[in-house]
Amino acid sequence: MRAGDCLGEMGAAPINGDWPPHLHFQIIIDPLGLDTDFPGVAAPALRAVMRSLSPDPNLLLRLPPACFPAMGRTKAATLRERQQRIGYNLSISYRQPLKIVRGLGVYLYDDAGRPYLDCVNNVAHVGHCHPHVVEAGQRQMAVLNTNTRYLHDSMIEYAERLTATLPPQLSVCFFVNSGSEANDLALRLARAATGAFDMITLDVAYHGHTQALIEVSPYKHDGPGGRGRPPFVQKVMMPDPYRGPYYGYSSASGRAYAAHVQTALDAIHAQGRGVAGFIAESLMGCGGQLVFPDDFLFEAFEVVRAAGGICIADEVQTGFGRVGTHYWGFETQSAIPDIVTMGKPAGNGHPLAAVVTTPEVARKFANGMEYFNTFGGNPVSCAIGMAVLDVIEQEQLQANALDVGDYLMARLRELMSVQPIIGDVRGLGLYIGVELVLDRETQAPAGEHASYIANRMRELGVLISTDGPFHNVLKIKPPIVFSRANADHLVDNLALVLGEDAVQVG
Ligand SMILES: Cc1ncc(COP(=O)(O)O)c(C=O)c1O
């Protein structure tokens, strides 16, 4: 064959295996007897062997580099640059960092095209890059995006739809851009409404990264680099039905933990001050994916209100149907907060968060100082927020979270029956924790084993992470489009890793 000779002609889709017409030019040194069945693509792991059989065709074609898409930085270069140019205390997941370049549904894809089952990203609530959400953002972005000092229907419609999911007294919204902004504002509302400053929080809680939130986040102020609890914050023991002094999920246990909230109130009163409020997640994330014993929040809220305080439910991780039985986590505790904060899943990855409160609290906050937020509640964010609500409703994702969550927990409990390292499996819907112990009697935490398992799972293409004060809880909170087949894939791989020598206990 000479330069200029015709190699072939482009066929229409039907004679091209229904692929859109394209040129596939591949050199095959040894067809291995496969003839036309020789693979045209291969998994990243087979790259070296494929290259030895099918060398770069541009050795022959000699097309100029401009004909090829830019490859971007190598993973190593991205890591190096990040270590220099990005704040030094922003950690990277996994011993072998991942360079993720695409997401779709429950999958993330790395720079080599390898898919990873995402079992931990509770931000991509209705699935990564859900087309309805993407389209809503794109459409509104092409029309208008501006601040909220003009009238616009999208903010009103979103407020109406969001408050329709909440108890009727929670009817006034503030739109912000992150969970931290939402909780920071919630503290301001509580302090303005009561004229008091002291707050009560749960041990090991995390509520955000601003100064005011570090103060109510023992996970941060008691951790590395922290300065401990400030005098105006009281910390209450985590209601941990597995490890705490009151075992189990009974209402008696819930009330026993809530009694410690009264002790915190007494400590504030003893210093001659009043309480501004109590902030708690409805299920605890950093505490180790904890489900509270029955009525804990209900009782704690009663006690705080009796002392004149405001009750804040942080639903940044737990809201929007994830817990399956209810739309909001606090509903599982029969509790009604005065303020509810939401974030992560609200915009499915777009920075959208909200504070919803009662007209009474909102009126007291409106004390003359204007509240303005440049980006909060803009038309693009609201369009995206409404698209997320559409998908939850249309795809019945709350029911899916319940069905798949129950199925997944049942399978994890089966695994627990043969794996002594699993001390506890707990959760509601698709908010699940698997607590690992060296010994079920002593409950000695197996933190190093948990880290090993998360890293091995990543090698197998399944993303989970760890949490809890001893870093020994496997945290599972996938996009709530997660299916039973996804759950099987997760548990089958976990079973494989738990069979490895490095994680044998007892
Ligand atoms: C329970 C809880 N509240 C608040 C926040 C802060 O949200 P953001 O990171 O969006 O500021 C987080 C973040 O992890 C969280 O888990």
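The structure displayed is predicted, hence computed values, not measured ones. Residue indices begin at 1 and follow the sequence shown. Each ligand, and each atom within it, is numbered from 1 in the order the structure gives.
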S.K.: Taking 4.0 Å as the limit for heavy-atom contacts, which would you say applies to His207 with ligand 1: side chain only, backbone only, both, or neither?
M.R.: backbone
S.K.: State plainly whether the residues Lys475 and Asp467 are in salt-bridge range, i.e. N to O under 4.0 Å.
M.R.: yes
S.K.: Pick one: which of Lys344, Arg322, Lys477, Gln289 meets side chain to side chain donor-acceptor pair (under 3.5 Å) with Gln317?
M.R.: Lys477
S.K.: Is it the side chain, the backbone, both or neither of Glu181 that has a heavy atom closer than 4.0 Å to ligand 1?
M.R.: neither
S.K.: Which ligand 1 atoms does Asn183 reach within 4.0 Å, using its non-hydrogen atoms?
M.R.: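 Near Asn183, meaning under 4.0 Å from one of its heavy atoms, ligand 1 has 3 (N), 4 (C).
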S.K.: Check each atom of ligand 1 against the heavy atoms of Asp314 and keep those under 4.0 Å away; list them by number with element.
M.R.: 1 (C), 2 (C), 3 (N), 4 (C)
S.K.: Can the ring centres of Tyr371 and Phe174 be said to be less than 6.0 Å apart?
M.R.: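 Yes.
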S.K.: Has Glu81 got more than 12 heavy atoms of other residues, nucleotides or ligands less than 6.0 Å from its CD?
M.R.: yes
S.K.: Among protein heavy atoms, which sits nearest to atom 11 (O) of ligand 1, and what does the distance come to when rounded to 0.1 Å?
M.R.: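 Scanning the protein heavy atoms, the shortest distance from atom 11 (O) of ligand 1 goes to Ser180 OG, 2.6 Å.
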S.K.: May I ask you to decide if the ring planes of Phe296 and Phe292 are parallel, tilted or perpendicular, using 30° and 60° as cut-offs?
M.R.: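 Ring orientation of Phe296 relative to Phe292: perpendicular.
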S.K.: For ligand 1, which atoms, with element, lie under 4.0 Å from some heavy atom of Glu281?
M.R.: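 Here the atoms of ligand 1 in question are 1 (C).
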S.K.: What protein heavy atom is closest to atom 12 (C) of ligand 1, reported as residue, atom name and distance in Å?
M.R.: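 The answer is Tyr206 CE2, 3.7 Å.
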S.K.: Which of the numbered atoms in ligand 1 are under 4.0 angstrom from any heavy atom belonging to Ser178?
M.R.: 10 (O), 11 (O)
S.K.: Just do the side chain to side chain contact (heavy atoms under 4.5 Å, CB included) check on Met386 and Glu157 with the steps written out, would you?
M.R.: CA-CA 8 Å; Met386 281 190 277; Glu157 281 171 25; 3.7 Å; yes
